[in-house]
Number of protein chains: 2
Amino acid sequence: MPKPVVPEEKRRRRRPTRSGTVLSERLIVDTALRMLREHGSAGLTARRLGLALDCDPSTLYRYFRGMDDLTLAIGDALIGRALRGWRRTGQWRADLRALGLRIHAAYVAHPQAALLTANRVTGRAHELAADEAVLDILRTAGFPLADTVRVYQAFIDQTLAFAALDAASLALPSDSLRADEAKWSSTYARLPAATHPRIAEAAPLLATRMLTSAYPAALDLLLDSAAHQLSAGPEAG
Amino acid sequence: MPKPVVPEEKRRRRRPTRSGTVLSERLIVDTALRMLREHGSAGLTARRLGLALDCDPSTLYRYFRGMDDLTLAIGDALIGRALRGWRRTGQWRADLRALGLRIHAAYVAHPQAALLTANRVTGRAHELAADEAVLDILRTAGFPLADTVRVYQAFIDQTLAFAALDAASLALPSDSLRADEAKWSSTYARLPAATHPRIAEAAPLLATRMLTSAYPAALDLLLDSAAHQLSAGPEAG
DNA sequence: CTCTTATGCCAACGCCATTGACCTTACGCG
DNA sequence: CGCGTAAGGTCAATGGCGTTGGCATAAGAG
């Protein structure tokens with residue numbers, strides 16, 4: 001029988017750890033984010049997190065059901081950061097564009113964390129708020145329900161998909177040991193033109209890729225398509 | 001000093017394992033793919049793989065430098081399957097479209113494997129072949145080198161990004177323990193309309209989402225944009 | 001002030017990847 | 001055909017991991 005986890009808002013007794021620090025969901029998640037940045041996405045372990053927080057690893061289980069639960073909380077924190085300070089203008093297209101870029105940016109700002117969380121459904125507060133916001137923007141703009149759901153799906157999927165991919169290339173260099181990045185200069189650049197002529201001729205340009213994300217362009221394409229859908233039949237089923 | 005790994009094509013002595021089976025890179029990767037499908041993306045461990053192959057886990061290190069190296073090989077196998085039997089027609093747009101759909105399909109056919117490998121650069125044979133093919137299609141179509149690299153990047157990124165995302169939703173249900181999927185019916189569906197009116201009204205439609213990928217639509221948008229680029233200035237810098 | 005119980009701590013379990021030493025047998029060579 | 005070598009399978013051990021049940025203690029309700 002696993003220990004029950006007390007939800008953050010129900011916590012009454014705040015007992016300091018042996019070393020005096022007072023734990024909280026917030027503190028744990030923030031510390032985890034810092035550790036992810038510093039030690040890479042494989043560097044987040046219960047033991048190390050306990051070390052960083054000056055508490056026993058098992059104490060974390062009073063706050064999260066397990067490391068997976070903590071992972072979801074980290075993901076939700078990223079979305080929370082994306083939404084912080086965001087205001088709607090009332091122009092659906094501009095609003096969606098800004099929201100997409102914000103979410104993408106929030107993930108890319110924490111690449112190692114993004115890798116862990118980008119393809120998870122957290123069901124937590126901030127994620128719900130983001131979903132609600134996207135749906136409301138579309139409905140208010142006049143999209144029928146069915147179209148709203150379609151555009152919503154494409155929007156969210158595309159945003160998270162690019163976030164994960166862009167995060168992956170950013171996360172790798174500092175991700176301790178391996179160097180997939182180096183393969184671009186090692187493997188790719190020294191391929192013989194005889195067997196791979198197209199890679200050979202493009203190698204110099206390929207090496208400098210990954211510096212700019214294709215997401216903004218893809219996002220604009222998606223919004224174009226949505227706008228076209230809207231003007232075609234705003235009130236149709 | 002880690003043990004040296006003999007590349008597959010250099011192997012001379014094929015010594016059967018204690019139980020009589022003869023190992024090979026191919027056999028190991030195929031078995032790993034089967035295990036991934038059956039036990040989920042966390043179910044692939046050296047010990048279990050050894051069990052399935054009737055060999056000591058440490059034997060695997062004669063074929064791969066570590067589990068990570070094996071992971072890359074698995075990813076390359078997926079690309080290999082995508083390319084198998086593929087033929088070019090000479091029409092760049094149709095060829096790229098078919099190639100994208102094939103790669104996407106190959107990943108989605110092995111969701112658990114896709115999750116592990118979609119955002120890794122393997123630098124192995126099949127991946128190189130795919131890159132070469134994409135680049136050649138674009139160059140042959142008349143795209144200048146710079147445009148070729150841009151379109152190539154967007155094409156690959158988008159394909160892998162959607163593959164990873166679509167794989168994620170497919171992988172979860174069977175992925176042993178957790179049920180993020182269930183959150184769509186549990187958390188989302190029972191949200192009060194007071195706090196999340198838009199989610200509430202869309203809940204029935206949202207529950208049936210994830211059944212169809214947004215990738216084909218996104219791919220067409222990308223190809224549209226490329227075609228426009230091409231017709232605008234085929235021979236310009 | 002007392003009592004309860006939330007919450008931090010400890011020790012232990014079973015799993016994991018990886019390694020170095022060992023051993024056996026397939027193969028290249030004469 | 002038979003020998004020597006080293007490729008490649010096996011064993012045992014190491015250190016790290018997540019997670020759990022029991023215990024101790026102090027925070028806060030009354």
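Lettering follows sequence order; numbering is per chain, from 1.
Among dG21(D), dG8(C), dT10(D), the nucleotide with an atom closest to any side-chain atom of Ser58(A) is dG21(D). Among the nucleotides dT18(C), dC16(C), dG9(D), the one closest to the side chain of Met67(B) is dT18(C). Of all nucleotides listed (dT7(C), dG28(D), dC11(D)), dC11(D) comes nearest to the side chain of Asp56(B). Out of dT19(C), dT7(C), dT5(C), the shortest distance to the side chain of Arg13(A) is found at dT5(C). Relative to the side chain of Ala46(A), the nucleotides dG18(D), dG8(C), dT20(D) differ in distance, and dG18(D) lies closest. Here the side chain of Pro16(B) is nearest to one of dT10(D), dA26(C), dG28(D), namely dA26(C).
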Scan nucleotides 12-15 of chain C against the protein and return all N/O pairs shorter than 3.5 Å with their distances rounded to 0.1 Å.
none

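When rounded to the nearest whole Å, the span between CG of Leu116(A) and P of dG18(D) equals 12 Å. Rounded to whole Å, atom P of dT7(C) lies 12 Å from atom CD of Glu25(A). Rounded to an integer number of Å, the gap from CG of Leu60(B) to P of dT10(D) is 10 Å. Note: CZ (Phe64(B)) to P (dT19(C)) measures 15 Å, nearest angstrom. Rounded to an integer number of Å, the gap from Lys10(A) NZ to dG28(D) P is 17 Å.
Annotation: side-chain hydrogen bond (donor to acceptor under 3.5 Å, both in side chains) contacts of Arg62(A) (sequence neighbours excluded): none.
Judged by atom type and distance alone, Arg18(A) does not reach the base of dG8(C) through any side-chain donor-acceptor pair under 3.5 Å. Applying the 3.5 Å distance criterion, the base of dC9(C) shares no donor-acceptor pair with the side chain of Thr17(A). At a cut-off of 3.5 angstrom, the base of dT7(C) holds no donor-acceptor pair with the side chain of Arg12(A).
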Tabulate below the donor-acceptor pairs under 3.5 Å that side-chain atoms of residues 44-55 of chain A make, not counting sequence neighbours, or state none.
from, atom 1, to, atom 2, distance (Å)
Thr45(A), OG1, Arg48(A), N, 3.0
Arg48(A), NE, Gly43(A), O, 3.1

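Salt-bridge annotation for Arg120(A) and Asp68(A): present, with a side-chain N of the basic residue lying under 4.0 Å from a carboxylate O of the acidic one. Taking a cutoff of 4.0 Å between a charged side-chain nitrogen and a carboxylate oxygen, Asp30(A) and Arg26(A) qualify as a salt bridge.
A distance of 7.0 Å separates NE2 in His104(B) from OH in Tyr215(B), rounded to the nearest 0.5 Å.
For dC9(C), the OP1/OP2 oxygens have a side-chain nitrogen or oxygen of Thr59(A) closer than 4.0 Å. The shortest distance between the side-chain N/O atoms of Tyr63(B) and the OP1/OP2 oxygens of dG9(D) is below 4.0 Å.
Atom CZ of Arg12(A) has 12 or fewer heavy atoms from other residues, nucleotides or ligands within 6.0 Å. Within a 6.0 Å radius of CZ in Arg14(B), other residues, nucleotides and ligands contribute more than 12 heavy atoms.
Base contact: Arg15(B) has a heavy atom under 4.0 Å from a base atom.
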